[in-house]
Amino acid sequence: MSIEEYREFHRRSLENPEDFWTEQAQAIDWHRPYDKVLDYDNPPFSKWFVGGETNICHNAVDRHLEERGDQNALVYVSTETDEQRTYTYRELYAEVNSFAGIFQELGVSRGDRVVIYMPMMPESIFAMLACVRLGAIHSVVFGGFAAANLATRIDDAKPKVMVTTNAGKRGGNVIPYKPLVDEAIESSEFPPEHVVVCSRDIEADQPEAGDRVRDYAGLREKHANTEVPVEWLESSEPSYILYTSGTTGTPKGVQRDTGGHAVALTVSMKHVFASNPGETMFTASDIGWVVGHSYTVYAPLMYGMTSIVYEGLPVRPDPGIWWNIVEEHGVNTMFTAPTAIRALRKQDPEYMTKHDTSSLRNLFLAGEPLDEPTSRWVSEALRVTVRDNYWQTESGWPILSSHLPGLDPSTIRVGAAGFACAGYDLKLVNEESGEEAKTGERGILTIQPPLPPGFMSTVWGDDERFVETYFSDFPGRTLYSTFDWGVRDEDGYYLIMGRSDDVINVAGHRLGTREIEEAMSDHPEVAEAATVGVKDEDKGQAVLAYVVPKDGDKVESEEGRSELEQSIKDIVDKEIGAIARPKSVYFVEALPKTRSGKMLRRSIQALAESRDPGDLSTLEDPSALDSVRASTSD
Ligand code: PRX
């Protein structure tokens, strides 16, 4: 396909969405046909396939039984527990049904919430699919998040049941799960009635046999032959909630629908990920993040592929482990984040060619800007086509992609994230005026609603917050803001340059500055704190913290400084998780703020990256910036 033909395909998705999405909707099974493709009567909320009834678990499992019953649905490889297990679609059907039977026994039904706090193990996926089978709404919380973070998510979702494990491992070190769940439940206002514990053979503190605890192994045996009919849901009913960070201290519950989600993800396998049913996909991302939800679990299964579920690091037991998996399981499509590739680039190059990776057609990378050297290096080392794609938790599937239906690899422009995917009406607009940016001019990437199928439908329990957060940046215009800076060239390629808000992206993990600052402010010796994300060669960005101590004398000595720095890092570990731990903590006398009290994080960030801090006329106390400047140049 030529670029012109692609443009036509994209244009049709916008000019004639009804026909376009009617065609796409045939990719899934409907129990009841929809009455209307799109209901956009209440902007900016879009409802897709109104009146249609379907079920995601039916589409991901049941409907494949006839043709693919003996094909592997999941291949689980753990280099943490040295296990490998495979599940055919038929076996997956049995596991999901027994988990659904367990949920039913525990009183879970349509619309109830289930919090899943698990490592990468097949039981996590059984639990997710069992929820959608019943019409229950799962909220998977990343296993690296600390108890306090988990508690916030419990209280927002008010789950009936939680699913966890006794322990996981990372890099060979045991990570307790159940004790954190206990701690989170203790501090939450809306604890679940039951906690299903999928215990594994890892030495760790055994779960306390509290009233809530239910042992998965025993329940699974009891429900070994249970079959639970799928619950047919109206297309707009929620399938899941996934919390993500933004500008405020409280994460937002991104709510996904059912019908739009199923259609968008299924067809994205063809249109964006250039894959075929029956092939194998390996998405190396944790199920606690959106990439894991969409491309380890839902999209490959709904499309009838085999999905590799990997628990472990990319460099352990050796840096060839991923390519070993590719060889052993004939992986055709792979997806991960640039940070993982940068980590591999530091290793002995021999590992890149030790295995036969000829089955691999495309390597998709997303989650953070993909730098040219990393892209070129991995493409040459593996002799594979590297495809950048850009999206967000909110969108659930790519907004921009360098692979579009049949486009030749020669059309890829290294350094650009690609073209708009079908269904996305993108506008680059000037941050201040809201007017469209010219070709080559920097602007904020926005989407003209109606948002396409699969995009978040609202913020869980808070429609107003959805509108206010995403649609209020450009007065007089209803545009969804991605909060990302971008540039479009004359050929329509977009380049993404990072967030315009205060979100930090460490190794593809999205963190909110306010959340980290609030955790630091809980430290008894911290008067005020600011965090910024600065360029980092390995992880894309690193978190730096600027702290005004309550007692300046304490940080006079080197020893005092390092002691306080350590205990500030510890509190972030404890309240959010190690991924948010600042790389360095600088002590300053004041933080730069405007006269109205708004923290000038962008100026701090600019100084930390040795750039011009920009317009400082609104600064309340100009000496505050000197203090930051002095600490940064130490
Ligand atoms: O800033 C963009 C960056 O990651 C943010 C979304 O992160 P998250 O919600 O975790 O979803 C990740 C889904 C892949 C975006 O707002 N980002 C994501 N992909 C790219 C990217 N930045 C540059 N290039 C990309 N390909």
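Counting convention: from 1, in listed order, for ligands and their atoms alike. These numbers were taken from a predicted model, which means no experiment stands behind them.
- A cation-pi contact, defined as under 6.0 Å to the ring centre and within 45° of the axis, links R413 to Y493.
- Taking the six-membered ring for Trp, Y424 and H10 have ring centres at least 6.0 Å apart.
- Each of the following atoms of ligand 1 lies closer than 4.0 Å to a heavy atom of I496: 22 (N), 23 (C).
- In terms of N/O distances under 3.5 Å, ligand 1 is approached by N389.
- With a 4.0 Å cut-off on non-hydrogen atoms, D484 touches ligand 1 through its side chain and not its backbone.
- Ranking protein heavy atoms by distance to atom 19 (N) of ligand 1, first place goes to G367 N, 3.0 Å.
- Remark: R514 engages E517 in a salt bridge, criterion side-chain N to carboxylate O under 4.0 Å.
- For atom 12 (C) of ligand 1, the nearest non-hydrogen atom of the protein is W391 O, 3.9 Å.
- Contact atoms of ligand 1 toward N505: 3 (C), 4 (O) (distance under 4.0 Å to a heavy atom of the residue).
- Close approach of ligand 1 to V290 is summarised as follows: ligand atoms under 4.0 Å from at least one heavy atom of the residue are 11 (O), 13 (C).
- In terms of polar-atom proximity, defined here as any N/O pair under 3.5 Å, Q392 does make such a contact with ligand 1.
- Looking only at heavy atoms of the protein, atom 7 (O) of ligand 1 is closest to R510 CD, 3.6 Å.
- Protein heavy atom at the shortest distance from atom 8 (P) of ligand 1 is T393 OG1, 3.4 Å.
- Atom 24 (N) of ligand 1 has as its closest protein heavy atom E368 O, 3.4 Å.
- Using a 4.0 Å cut-off between charged nitrogen and carboxylate oxygen, E279 and K270 do not count as a salt-bridge pair.
- Taking the six-membered ring where the residue is Trp, the centroids of H293 and H261 are separated by 6.0 Å or more.
- Proximity of F419 to D491: side-chain heavy atoms (C-beta onward) are nowhere separated by under 4.5 Å.
- Close placement of the Y117 and Y177 rings is indicated, their centers lying within 6.0 Å of each other.
- If you look at H329 and F282, their ring centroids are not closer than 6.0 Å.
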